[in-house]
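Each remark here refers to the structure printed beneath this line.
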Amino acid sequence: MNNNEVKLKLAIQKSGRLYEDSIRLLKECGIDISNGVNKLKADAMNFPLEVFFLRDDDIPQYVEDGVADIGFVGENVVFEKNKKVAIVEKLGFGKCRLSIAIKKNENYTDANFLHQKKIATSYPVIVGNFLAEKGIDAEIHEISGSVEIAPGIGLADVICDLVSSGSTLFMNGLKEAEVILQSQAVLVKNTQLAADKEALIQKILFRIDSVKKAKNNKYILMNAPNDKLDEIIQLLPGMKSPTVLPLAKKGWSSVHSVINENDFWDMIEQLKKAGAEGILVVPIEKMIV
Ligand code: ATP
Ligand code: ZN
């Protein structure tokens, strides 16, 4: 690789919940990272990209400062850190919610429940905005970890923390009362990038888009009697229209199409009813439309 070539600098989490999915997404975009011993930085072998491994909390700052040009980081961290970065694209992983949780035996009607309460959280900015928006006067107590034990030890009345299954809350005698933010990993970028770096981001975005589209769609193949073809074709969306090929068996055709994951089970049922047989559904690796 030419040394004078412009390289895009990407910051990802060095270890933790976003690490594996960040590396996987790059791989699915055809970008391989050399796993050298240097865990601070790595070069992509087949794309002008340099990857920095950082704590997720530091990523917005590094991107604002231009130490990194782009980053993969949770929306929860982006909103909490409130740095000058642009959110470019949702990445479809690292999904979680930031929720208010209260003691199991209490009764939450609405946000007014929080009036005059002490709220333990690692997200003082997001919680502060939420309270201001609702016009609620409550005390925020910032703690950096193990927020869920705060009510049990009398440090706070309620908490606001990331929740996925809710089992951590349950084990600590708490229950989820209100979701204040749905979050997932996003691609953020520095707001003052040169045109050559913007062009590289567009290249990566194009690849991310085709990976995401592919994940939401399935390739479907089936056999159909020719006299049922019209009805079956009506059911199928396809990228343009379904492909229909004659089978060796007279009076039968093979029909190929692309269907959305969400319509999947409904669609299969209808296709069977319409006379389709031998239905195969296969994953799509990349999808460019
Ligand atoms: P670091 O050492 O980088 O600061 P951390 O302990 O802050 O790590 P993790 O627990 O690895 O962070 O979570 C990183 C991000 O993953 C969170 O900020 C959030 O965006 C997302 N996340 C949190 N909880 C979950 C979850 N249960 N499922 C999926 N993603 C989650
Ligand atoms: Zn963190």
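Keep in mind it's a predicted model, so treat the numbers as computed, not measured. One-based numbering, in listed order, for ligands and for the atoms of each.
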Looking only at distances, please establish whether an N/O atom of ligand 1 is found under 3.5 Å from an N/O atom of Gln13. yes
Is the closest N or O pair between Tyr123 and ligand 1 shorter than 3.5 Å?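 Looking only at distances, the answer is no, because the N/O contact criterion of under 3.5 Å is not met.
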Against heavy atoms of [X], which atoms of ligand 1 measure under 4.0 Å?
X: Val77; result: 18 (O)
X: Leu18; result: 15 (C), 16 (O)
X: Gly74; result: 20 (O)
X: Gly16; result: 11 (O)
X: Asp57; result: 4 (O), 7 (O)
X: Ser164; result: 26 (C), 27 (N)

Quick one, Asp266 with Gln270, criterion side-chain hydrogen bond (donor to acceptor under 3.5 Å, both in side chains). Give me CA distance, side-chain angles, the key distance, then yes/no. CA-CA 6 Å; Asp266 262 1; Gln270 292 180 49; 5.1 Å; no
Just to confirm, does any protein heavy atom lie below 4.0 Å from atom 6 (O) of ligand 1?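 Flag for atom 6 (O) of ligand 1 set to false, no protein heavy atom closer than 4.0 Å.
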Relative to each other, are the rings of Phe113 and Tyr108 parallel, tilted or perpendicular (30° and 60° limits)? tilted
Could you check whether the rings of Phe72 and Phe93 sit parallel, tilted or perpendicular, using 30° and 60° as the cut-offs?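 Plane angle over 60°, so perpendicular.
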Check this for me: Lys272, atom NZ, are more than 12 non-hydrogen atoms of other residues, nucleotides or ligands nearer than 6.0 Å? no
Protein residue, atom and distance nearest to [atom], heavy-atom basis:
atom: atom 2 (O) of ligand 1; value: Arg55 NE, 3.6 Å
atom: atom 14 (C) of ligand 1; value: Asp56 OD2, 3.3 Å
atom: atom 24 (N) of ligand 1; value: Arg17 CD, 3.4 Å
atom: atom 28 (N) of ligand 1; value: Lys95 O, 3.6 Å
atom: atom 23 (C) of ligand 1; value: Leu162 CD1, 3.4 Å

Quick one, Asp43 and Lys7 - any side-chain contact, counting heavy atoms below 4.5 Å? yes
Taken in chain and number order and not counting sequence neighbours, the residues that satisfy side-chain contact (heavy atoms from CB on, under 4.5 Å) with Ala150 are Ala120, Ile143, Leu155, Ala156, Ile159
Using the test side-chain contact (heavy atoms from CB on, under 4.5 Å), find all partners of Ser15 that sit at least two apart in sequence or belong to another chain. none
Closest to atom 20 (O) of ligand 1 (judged by heavy-atom distance), picking from Val78, Asn76, Ile59: Asn76
How far apart are the C-alpha atoms of Leu236 and Leu271, what are their side-chain angles, what is the distance that settles it, and do they pass the side-chain contact (heavy atoms from CB on, under 4.5 Å) test? CA-CA 9 Å; Leu236 293 167; Leu271 289 168; 4.1 Å; yes
Ignoring hydrogens and geometry beyond distance, is a side-chain donor-acceptor pair present between Glu80 and Asn76 at under 3.5 Å? no
Test item: side-chain donor near acceptor, Ser99 and Glu176, under 3.5 Å: yes
Exercise: identify the closest heavy-atom pair between Leu229 and Ser253: CD1-OG, 3.7 Å
Near the Zn ion (ligand 2), which protein N/O/S atoms fall under 2.8 Å?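 Metal shell, protein only: Asp56 OD1, Asp57 OD1.
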Could you list all the salt bridge (charged side-chain N to carboxylate O under 4.0 Å, His left out) pairs where at least one residue sits in residues 191-213, not counting sequence neighbours?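 The answer is Asp69-Lys197, Glu89-Lys212, Lys189-Glu198.
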Within 45° of the ring axis of Phe170 and under 6.0 Å from its six-membered ring centre, is that where the NZ or CZ of Lys104 lies? yes
